[in-house]
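One structure is given here, and the rest of the page talks about it.
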Amino acid sequence: MSAEPLLEVDDLSVRFDTDEGPVQAVDRVSFALAPGEVLGIVGESGCGKSVTCMSLVRLLPETAKVSGSVRFGGADLLALGPRRLRRVRGREISYIFQEPMTSLNPVFTVGDQIGEVVRRHLDLSRRDARRRAVELLQLVRIPAPQRRVDEYPHQLSGGMRQRVMIAMALACDPKVLIADEPTTALDVTIQAGILDLMREVREKLGTAIVLVTHNLGVVADIADRVIVMYAGRKVEEAPAAELFAAPQHPYTVGLLGAIPRPGERRERLEEIPGRVPASARPLEHCVFADRCRYADETTRTQVPDLRPVRPGHLVACFHPEAERAA
Amino acid sequence: MSAASVLEVEELVKHFPVGRGLVGSSGTVHAVDGVSFELREGEMLGLVGESGSGKTTLANCVVRLLEPTSGSIRLHGRDITHLSRRELRPLRRSLHMVFQDPFSSLNPRMTVGEIVAEPLRLHRLAGRKTRESRVIETFERVGLGPEHRFRYPHELSGGQRQRVGLARSLILEPSVLVADEPVSALDVSVQASILNLLRDLQRDMGFSCLFITHDLATVEFLCDRIAVMYLGQLVEVASRDAIFRDPQHPYTQALLSAAVVPDPAEQRKRRRVVLEGDPPSPLAPPSGCRFHTRCPLHDLSAPQSDEVEPALREFAPDHLVACHLVAPGTPAPRISGVEASVA
């Protein structure tokens, strides 16, 4: 990463005050996104990956206490007033949600919904907006876009709806696309097409993508760099090839060992004992200590800082793989 | 493999009438449309299909939670297709199901100990004392401590709940277990432990298992034989090795090529086949071969495939394929070399 980062997240924390007390959903997460880069954020449910992304464009409810900074285009998105924030959302940074059915409005045609985005942000006329909508449907490879533009979401299949969501997200040619589990609700044969489309978007339009997923296969397919989150923390970050070839954090190692892989005949899958801790408050020890086979006195009494084990490869662990082997 | 079959399903059909109300058109969902297979003694048979392929309907018919429209199901040679609930009850001891969602399939008002003991109680198989010890024994088998008996489902994690589901299904030591996506609602690290557990239990207890999933890597890990389903029909049935090393049906080939591998070096070398078009509606399945509207080999199979439904027939010993392009000794052309349609 030599280029100036497009988006810079610094010490982002998100806390929810619930009836059962405060919940620290995200705990001091920092990362940067370069122009045109695909950054994968992986982790299991409840690790804070979606909350992290939603807080970038402030989609979280009022109850969320967000701190830290998100620098984008010379401003801190977390401090922006509502008017300026609206100009960023959907135009510079857009968002694709997991469930394409619930995130499209069922009573408006696809064309109306895409049109709304471009009319609002780019001030196009009704006719131009429709033309742009057809263009966008073509871009995301929806067959017969002239006809589809007048259809309602329920007339489209799941894969088509996700393509419409992507078309909408791309309507204003954003610099950053945040995709939260974009293929999770889809079948594998459909997922393959959506991944190809995202890759094409990046190559043709140079859009940087933040891809949130629990699926390591999806990350392996498309991400340049990967962040692994666990219980609200960033526990590892590395270039994709390196993360898979030489994972450092015992959690990452565990996750990779837990998934069955095609073509590999194993007797057993690796298990990670125990369960994810409830991320109630900032801990005074390593978040993974309870489940880690290498846990010791240090792990149980101190919080490991993120540190580089190699250039561009950060890990928050007292006993990363590389040092244990030595 | 010449093991005896414990479960035989023949020409099973399940249609659902829809839209008999005031709005919308009426029609019939062809959820399962003429499926035949056998589950052999002590084997793990994987049933793979995408959403809407009818795999869950098929499972529900097999355990008779649904009454099939036609066809037959034989359990240990006995026809159970149209048995009444009362007649089915004694057979329920040998045929059990594990459900996908460990949250909604456990009664929230019962302790998990009571849930697991219930089959024993219903079948009047043991007195209170013996029940208790059987429950503790079964808990241990699925990796739960005896103290968990007094908890309620909501107090347990997803993985623990699925263990309870397994315990409930296995306490009567059934000979057949039907598992419908038992791990897909769970996190990756928890999935691994449930899959390991299921494999261990199957080896210890020797039951036969029909394992339903959409995930190919899981069946490859777990199953001895695999049946691939598309739009209510089986398109290929073969041993694990044959399916993964020598897939025949174009749909099986596409499915394998589309699966993502958690290894960037490997994954980025792969050429995948992106299927054209949408999966057709089971309300109006295509004529002829149901896959013809999306088949990458349609040029070769047309016009026959548009009109004639291909039968599931033997391509090689113990390897069945339903495709016009495949005949004994004539394998299907490879499509994995085809460049992805989105180039």
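Within every chain, numbering begins at 1; the chains are lettered A, B, ... in the order of the sequence lines, protein sequences first and strands thereafter.
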Shortest non-hydrogen contact from [X] toward [Y]:
X: Glu44(A); Y: Val188(B); result: OE2-N, 3.4 Å
X: Pro264(B); Y: Ala240(A); result: CG-O, 3.8 Å
X: Ile190(A); Y: Pro279(B); result: CD1-CD, 4.4 Å
X: Ala258(A); Y: Ala192(B); result: O-CB, 3.4 Å
X: Pro260(A); Y: Ala217(B); result: O-CB, 3.3 Å
X: Asp187(B); Y: Ser45(A); result: OD2-OG, 2.6 Å

Once you round to the nearest 0.5 Å, how far does [atom1] of [X] lie from [atom2] of [Y]?
X: Ile259(A); Y: Asp263(B); atom1: CD1; atom2: CG; answer: 10.0 Å
X: Leu269(A); Y: Arg199(B); atom1: CG; atom2: CZ; answer: 7.5 Å
X: Thr189(A); Y: His214(B); atom1: OG1; atom2: NE2; answer: 11.5 Å
X: Phe244(A); Y: Gln267(B); atom1: CZ; atom2: CD; answer: 9.5 Å
X: Glu271(A); Y: Asn196(B); atom1: CD; atom2: CG; answer: 4.5 Å

4.5 Å side-chain heavy-atom contact, Leu195(A) and Val260(B): yes
Close side-chain approach of Arg272(B) and Asp221(A), heavy atoms under 4.5 Å: yes
Please look at [X] and chain A and tell me whether the side chain, the backbone, both or neither of the residue comes under 4.5 angstrom of a heavy atom of that chain.
X: Arg270(B); result: neither
X: Leu216(B); result: neither
X: Gln191(B); result: neither
X: Gln160(B); result: side chain

Selection from Gly158(A), Gly257(A), Ser157(A), Pro143(A) maximising heavy-atom pairs under 4.5 Å formed with chain B: Ser157(A)
Chain B contact via Glu267(A) - which portion, at a heavy-atom distance below 4.5 Å: both
Neighbour count >12 (heavy atoms, 6.0 Å) for atom CD, Glu140(B): no
Exceeds 12 heavy-atom contacts within 6.0 angstrom, atom CD of Glu147(B): yes
Check: Ala220(A) main-chain N/O paired with Arg268(B) side-chain donor or acceptor under 3.5 Å: yes
